[in-house]
Amino acid sequence: MSKSHQNSEFQFPKWVNKLPLYILAGLGLTFVTVVFVFWYWGSPKHYEVGYKPEQPIPYSHRLHAGELGIDCRYCHNQVENSPHANIPPVETCLNCHNMIKTDSPHIAKLKEAFATNTPIEWVQIHELPDYAYFNHSAHLNAGVSCVSCHGRVDQMEVVHQVEPLSMGWCLDCHRAPEKHLRPKDQVTNLGWKSENQIEQGLALKEQYKIYPGEDCNICHR
Amino acid sequence: MSQVEPKRNLWRSLAQLAGHESTKPWVEREFPEGASEFEDGVSRRHFLKIMGASMALAGVAGCGLRKPVQKIRPYAKQPEHLVPGQSVYYASTHVVGSDVVGVLVESHEGRPTKVEGNPLHPDSKGAAGTFEQASVLSLYDPDRLQYAKRQGEKLSQAQVHHLLEELRTQYAATEGRGLFVLSESSQSPSFFRAYDAFIAAFPKAKFYRYDALNSDNIDEGLRLATGKSLYPQYEFESADVVVAFDSDFLGREPGQLSSSKAFSKRRDPEGSLGLNRLYVFENHYTITGSKADHRYPIKASDIEGVVWLVADAVLAKVSSSQVSASTRDAIAKGAKHFHGIIPEVVLGAIVDDVLKSQQKTLFVAGPKQPATVHGLVFLLNEVVGAQGTTVRYYTRPFSSSSLESLSHGDSIRELSKALASGQVETLVILGGNPAFNAPADLNVGPQIKKVKRTIHVVDSPNETTTLCEVAIPRSHYLESWGDATSLFGTSSLVQPLIRPMYESYSDFGFLNVLSGDQSGGDYAFVRQTWKSKVAGDFESKWKKWTHNGVIETSSPSSVSFVESGLDARVAIAVAKKPHRHEGMEVVFHQDYAVYDGRFINNGWLQELPDPITKLTWDNAALISGATAKKLGITGLKGESEIETVFVNPLPVMSLRVGNKNLETVVLVTPGHADDSISLFMGYGQKESGRVGRESGFNTYYLRTSENPWIASSAALFKTDKTYELASTQEHGSMEGRPILASATTEHYKEYPEFAKDMEESPPLQSLWNEHLYTKGEQWGMAIDLSRCTGCNACVIGCQSENNIPIVGKKEVLNGREMHWIRIDRYFAGGKGETNPKVAHQPMTCLHCENAPCEQVCPVAATTHSKDGLNQMTYNRCVGTRYCANNCPVKVRRFNFFDYHQRNPQAVEKDREHLFDYFKEPDKKIQMQFNPDVTVRMRGVMEKCSFCVQRINKVRSQAKVAGRTVKDGEIQSACMQTCASDAIVFGDINDPNSKVSKVKSKNRDYNILKGLHLKARLSFLAEITNPHPWIAAAEEKSQVEEVSHHA
């Protein structure tokens, strides 16, 4: 008895038999959690979308592009000719603000920047990695609207990122451009909606000869 | 089959020919064993440890961390016509020595990034050489002099102004007595105007000019023959026969780009003009020699003898009223001294060719040959009637200026005398490096140090700067206004693209400040120079000139004349009894990479393999195998039995010329003349920037004012030292597979398809369903080996377009150079051949349709695009290097390190996030980068992309404009810069495109077709045009040799 008692003292309890299973299950759960965390929080959808930095001048797109109805291309005037959609020089702002709202402290900043010829340091919102090359002019001239990537900027008081700008997201459209194509004269009309997007998109695809490639070197070079 | 295949034994180096085991690793594997290990004591394990730790840290810190915040800084006032994101081109002019090349410079938002040829410039016609293209890197060189200094202490701009004002008032009082100026030679009309004003302001001041590489001999020879100051322009397009005496007209002489362009038109067997024939006599292999149909290695001092012999032989057959019987006798007498230095059959063949082609013959001599040679060459060209057909003479621009009255040699000699006599009170040196490159016997360096006040206006501090009291930054040509007139009369504008990076002066700007010019800056001064030369509406003309780059005043015209006094002059010249120089000679050559030493701190040029020796980062004394044997030098321990072969480490020998000894590494090269040592100038600078320091040997040390080019009675002595040279000649070896096709015209006529039949292959079939690339644009390229001279311009063009880093000498020794395009240089000939032929083959990614690299990539980082490009996606690459292993032509380059970080000019990176504890290129160097191409990191593979950024750019432009891409609109960087038009790129799916037409030629062939690569890059076989007599004689001697051995 004493011997067996002694034995039982040094014996593992029964539940230990299941320990490997628990460990395995625990590891599996950890693995799934980690994957989920990275898949969700690590993806541009989570940490890029909604990025809304404070700008040196609280310029309101809602007011200018929305309420006042200024066309995107009044300020971003090279967007149809260049890979870059240029941020306007101070000169462009002063075209109007030389007269309008001149007492605002922000307009004073603009005037000072113009007088001293120093650039205003805007914070970049939509940012692609250095190894990805996006061409604004190619997309605009193919009938892809600003809104497809930038959202309803005309309704934003402070501009923020609405799309993940990830590679998978790019490819969604490159594989099915009809989802986003619209007549070329409507590309800067952010509120425009087609009654039958897919049908019209397919027709425009034919008309504009849109064959967006999926080759790597279209964007990476 | 055997009768189809021309007999050729191709090899890369003497060691390979001898079958030395040092070459085997290069054949068997791309990188030597251990190349993937880290140096500097960091082991793989240690690296993993560090990486593991930082990964863990990154895991912790990575949550919630967005990309670093980037700022956009738009212009406050945007310049007119500037579109952010689109590059703009400006016309400018690059001058090196007396070679003036019109260039177009690409600017990205105000940063010049790439230099290309200006198609509107009549001399270069859109081509650019290595120096032009690499010049943009020198602009951003962080080792440039950035502020004025006095004895090492910084001078403010006000202090510099004060100093110059003081000088001006001091010497205005004494009319400039004691004021001496030394400049480099200039081709700028504005410079000469400033010079005139300077001399007017200080009549007693002395002004000298000196270039280590000059054309004194040509000038003197032509003056000897004609009494005029002339420079010859050769019309290779109309020359059926060219005989070159020590002239590297395709590589190193003024006008080499236009020469290459014209010459290449005559190397195209299908061209309307037909093939020319080139005879070359030279002491070491040059790229001109490599294009010769008949090339003879002759001691440089004996080449004069060859000219005498040729002159004698030609005059015996061609009658001319310009040469009297007595002169003819004198030449015959002179020629007697040299009988036997070239085979009779060669002389016979030359005379035969001259008689056949008459005025379409051209004789050319290089600047190293003495004046008598140039006199005789002028005579030969006159006798055959070449003037006006194959050669034109232009009055040298500025030859009327008093600055040009002395030759370079006399000029520096006089200055040295003045220095020695103590007359020099103030010495102003504009550019250059006289303490380093002036003739060694003149002791210019130590004398400069003794002068009371010395001012050096210099781009980058050098030996001379350290001896001077004051150093003042000098403007780069891309940051200051100027102008230039070429030797052939074309004037063009030097237009800046960027505001001066430092408070610097141009040469004439500095003179203007000294002489108190009030015109208000370089721009106004240049405009004033030209305003006085044209009538009518200046503004519109000026606008046109700045746009086109070329100044259209009166079109430049050559001088045409009948030389009446030629006979008498030649009689004087030939009266000097010629004689042969026995014993060992030393020849000083211009280096293909660093010119006279001024490009020593330019990494692109330093790492550029020499066209023939394939040396990088160093110079070496070249000798022939027979000479090495005679001297008892054996490169390999215990292997003196086999032919003298050199592999690293190479012997350092002591070279004695006169009473001076120089220790230099010696390299045996095939095709070198016996008893002759070739030295290359410009290396071995102790005071250059971080890139050029510690490279090569200073051969100027042996160069004297008496014998600036060829010195006799030299001797080599053994030392115990050895030295490693980084040569790329074994890299990317192809194990003797039939890669290179070449044939004579005769063979080509008989077997037009010889190149295609060179390799036998079974019926070819792919293992899987092949993609059909039949729709849309399909990009392809063809390289014409007949036209290619191996000049390396494409290598630099590619490097500047594609952000390719330099790796340094140590890494080149490891076989890790990153050039996307390499030029394979092959020697052809059997063992013991002392004069092998040379062929060049530019090799880059073949863009195979069945690419072996794509089949082994585990992560699909290299794939095929619809338009037939083999694409490389850097951000996918994990660096397995399987692709490079499987590439049959070894054109893939792996970033073993982040080479931009390892550049000696790299700086600590600004820390933007956790990983930024690395280095990065200097901020200034970063400005050169092409923003359209990714800068690659360590651990990724890269290779030629057919300049896909250019394809995409043109394609999207065409798309925006609603049209299709035109043929020839897309130019790869290599094609664009090629002076010989050897590279053609375009859509092979369009039967009317140029590339399709070129590829349909008989001599078009694919390499390694047995592998069923279906390569998009094909080659056109080289066709040579030997004289039948010589070819027959050579064949006979070969047969004799074989039977003798039997």
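Keep in mind that what you see is a predicted model, and the values were worked out from it rather than measured. A, B, ... follow the sequence lines: proteins, then strands. Residue 1 opens every chain.
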Check whether any side-chain N or O of [X] sits under 3.5 Å from a backbone N or O of [Y] as a donor-acceptor pair, and report yes or no.
X	Y	answer
B/Thr934	A/Arg221	yes
B/Asn952	A/Asn217	yes
B/Gln78	A/Pro89	no
A/Gln124	B/Ile72	no

Which bit of [X] comes within less than 4.5 Å of chain A, counting heavy atoms only: side chain, backbone, both or neither?
X	answer
B/Asn802	neither
B/Leu869	side chain
B/Thr863	side chain
B/Lys77	both
B/Arg876	side chain

In terms of heavy-atom proximity below 4.5 Å to chain B, should [X] be classed as side chain, backbone, both, or neither?
X	result
A/Asp215	both
A/Ile218	backbone
A/Thr118	backbone
A/Tyr208	backbone
A/Ile120	backbone
A/Asn117	both
A/Phe114	both
A/Pro88	backbone

Quick one: [atom1] on [X] to [atom2] on [Y], what's the gap to the nearest 0.5 Å?
X	Y	atom1	atom2	result
B/Ser865	A/Glu214	OG	CD	12.5 Å
B/Lys775	A/Tyr211	NZ	OH	10.0 Å
B/Gln70	A/Glu127	CD	CD	4.5 Å
A/Asn135	B/Gln957	CG	CD	9.0 Å

Contact check, side chains of A/Pro119 and B/Tyr75, non-hydrogen atoms, under 4.5 Å | no
Close side-chain approach of B/Asn875 to A/His220, heavy-atom, < 4.5 Å = yes
Quick check: closest heavy atoms across [X] and [Y], and the distance to 0.1 Å?
X	Y	result
B/Gln86	A/Pro83	CG-CD, 4.1 Å
B/Pro84	A/Gln78	CD-CG, 4.1 Å
A/Ile87	B/Pro74	O-CB, 3.4 Å

Atom [atom1] of residue position [X] - does it have more than 12 heavy atoms of other residues, nucleotides or ligands inside 6.0 Å?
X	atom1	answer
A/Glu199	CD	no
B/Arg499	CZ	no
A/Glu67	CD	yes
A/Tyr59	OH	yes
A/Trp39	CH2	no

Taking every heavy-atom pair that is under 4.5 Å apart, which of [options] has the most such pairs with chain A?
options	result
B/Lys959, B/Lys866, B/Glu942, B/Arg936	B/Lys866
B/Asp867, B/Thr873, B/Val935	B/Thr873
B/Val933, B/Val83, B/Asp932	B/Asp932

Could you have a look at A/Asn81, A/Asn77, A/Asp130 and say which one has the most heavy-atom pairs with chain B under 4.5 angstrom?
-> A/Asn81
Steps toward side-chain contact (heavy atoms from CB on, under 4.5 Å) verdict (B/Val69, A/Tyr51) = CA-CA 11 Å; B/Val69 173; A/Tyr51 180 54; 3.8 Å; yes
Electrostatic pair A/Glu121:B/Arg73 at N-O distance under 4.0 angstrom | yes
Please set out all donor-acceptor pairs under 3.5 angstrom arising from side-chain atoms of residues 97-108 of chain A, sequence neighbours excluded.
{"unit_1": "A/His97", "atom_1": "ND1", "unit_2": "A/Ile100", "atom_2": "O", "d": "3.1"}
{"unit_1": "A/Ser104", "atom_1": "OG", "unit_2": "A/His106", "atom_2": "N", "d": "3.0"}
{"unit_1": "A/Ser104", "atom_1": "OG", "unit_2": "A/Ile107", "atom_2": "N", "d": "3.4"}

